[in-house]
Amino acid sequence: MRIAVYPGSFDPITNGHLDVIERAACLFDQLIVAVSRNTNKKPLFTVQEREEMLREVLQPYYNVIVDSFDGLTVNYARDRGAQAIVRGLRAISDFENEFMMALTNKKLVPAVDTVFLMTRAEFSFISSSAVKEVAYFGGCVRDLVPPAVENRLREKFATRL
């Protein structure tokens, strides 16, 4: 069985993430979408909320599992029996950092490869940070995130208005 891990903060999941997930799910028998519990970041949504949103949005994908993890992504991937880590690239500027991370991961766990997938052009400008900022100031995020996420963002920022 070909297993891959698509890690990220997913705070929140965007249509760009969803684009990468849809295509990665076609390439692997099982795709684990894994929420990283990065204590250095101050997320808008809790890990549990992010997992709930992911499960709701990814329900149509029979071979996608949602999970969360601490520590190094490559160790998590190895422990889950994955052969690959999937990383999405939005622009050339993403590549340098991702390339260095992929080389480091390969040195740490040679059995795990990194697969890069470019997001489609219409999603190349979307980031979770930008989505949160637009939502915070009352802007429309309808074309940036799935409807369930749009609703969650509205709920989160309702007290601000």
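These numbers come from a predicted model, not from an experiment.
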If the condition is salt bridge (Lys or Arg N to Asp or Glu O under 4.0 Å), which residues does R78 pass it with, not counting sequence neighbours?
none
With heavy-atom distances below 4.5 Å as the criterion, would you say the side chains of P146 and N15 are in contact?
yes
Under the rule for salt bridge (Lys or Arg N to Asp or Glu O under 4.0 Å), what residues qualify as partners of R87, not counting sequence neighbours?
E98
Is Y136 linked to M53 within one hydrophobic cluster, defined over Ile, Leu, Val, Met, Phe, Trp and Tyr using a side-chain heavy-atom separation of less than 4.5 Å?
yes
My understanding is that only residues two or more places apart in sequence, or in another chain, count here; which of them pass ring-ring contact (aromatic ring centres under 6.0 Å, His included) with F10?
Y6, H17
With sequence neighbours excluded, residues passing side chain to side chain contact (heavy atoms under 4.5 Å, CB included) with E133
F137
Would you please name every residue forming a salt bridge (Lys or Arg N to Asp or Glu O under 4.0 Å) with E56, sequence neighbours left out?
none
Do S36 and T73 have side chains that approach each other closer than 4.5 Å (heavy atoms only, starting at C-beta)?
no
Got a second to check how far L27's CG is from L117's CG, nearest 0.5 Å?
6.0 Å
So, applying salt bridge (Lys or Arg N to Asp or Glu O under 4.0 Å) with E49, which one of R55, R152, K156 is it?
K156
Spatial distance of atom CG (L18) from atom OG1 (T119) [nearest 0.5 Å]
12.0 Å
Taking the side chain as every heavy atom from C-beta outward, state whether V5 and V112 have any atom pair closer than 4.5 Å.
no
Can you tell me how far CZ of F123 sits from CZ of R90, rounded to the nearest 0.5 angstrom?
13.5 Å
Nearest heavy-atom neighbours spanning S128 and P12
OG-O, 2.7 Å
How would you list, by chain and number, every residue that makes a side chain to side chain contact (heavy atoms under 4.5 Å, CB included) with A4, sequence neighbours excluded?
F28, L31, A84, V86
Taking only residues two or more places apart in sequence, or in another chain, which ones meet F69 in a ring-ring contact (aromatic ring centres under 6.0 Å, His included)?
Y76
Side chain to side chain contact (heavy atoms under 4.5 Å, CB included) test vs Y61 passes for just one of V64, I65, V57, namely V64
Taking atom CZ of F45 and atom CG of L153, what is their separation to the nearest 0.5 Å?
4.5 Å
Worked check of side-chain contact (heavy atoms from CB on, under 4.5 Å) between N75 and V109
CA-CA 7 Å; N75 288 343; V109 183; 3.8 Å; yes
So how far is it from L72 CG to M101 CE, rounded to the nearest 0.5 Å?
11.0 Å
Determine yes or no for a side-chain-to-main-chain donor-acceptor pair under 3.5 angstrom, with R2 supplying the side chain and Q83 the backbone.
no
Mind listing the closest non-hydrogen atom pair of L144 and C140 along with its distance?
CD1-O, 4.5 Å
The complete set of salt bridge (charged side-chain N to carboxylate O under 4.0 Å, His left out) pairs with one or both residues in residues 138-148, sequence neighbours excluded, reads R142-E150
Do V74 and V33 sit in the same hydrophobic cluster, where Ile, Leu, Val, Met, Phe, Trp and Tyr count as joined when their side-chain heavy atoms come under 4.5 Å apart?
no
Residue pairs passing the salt bridge (charged side-chain N to carboxylate O under 4.0 Å, His left out) test where at least one lies in residues 118-129, sequence neighbours excluded:
D19-R120, R120-E122
Using a 4.5 Å cut-off on heavy atoms from C-beta on, say whether the side chain of I85 contacts that of P7.
yes
List, by chain and number, the other hydrophobic cluster members for L103, where Ile, Leu, Val, Met, Phe, Trp and Tyr join if side-chain heavy atoms come within less than 4.5 Å, directly or indirectly.
L89, F95, F99, M100, F116, M118
Do I21 and V145 sit in the same hydrophobic cluster, where Ile, Leu, Val, Met, Phe, Trp and Tyr count as joined when their side-chain heavy atoms come under 4.5 Å apart?
yes
Going by side chain to side chain contact (heavy atoms under 4.5 Å, CB included), name the residues that satisfy it together with Q48, two or more places apart in sequence or in a different chain.
T46, E52
Pairing residues for D113 by the side chain to side chain contact (heavy atoms under 4.5 Å, CB included) criterion, not counting sequence neighbours
K106
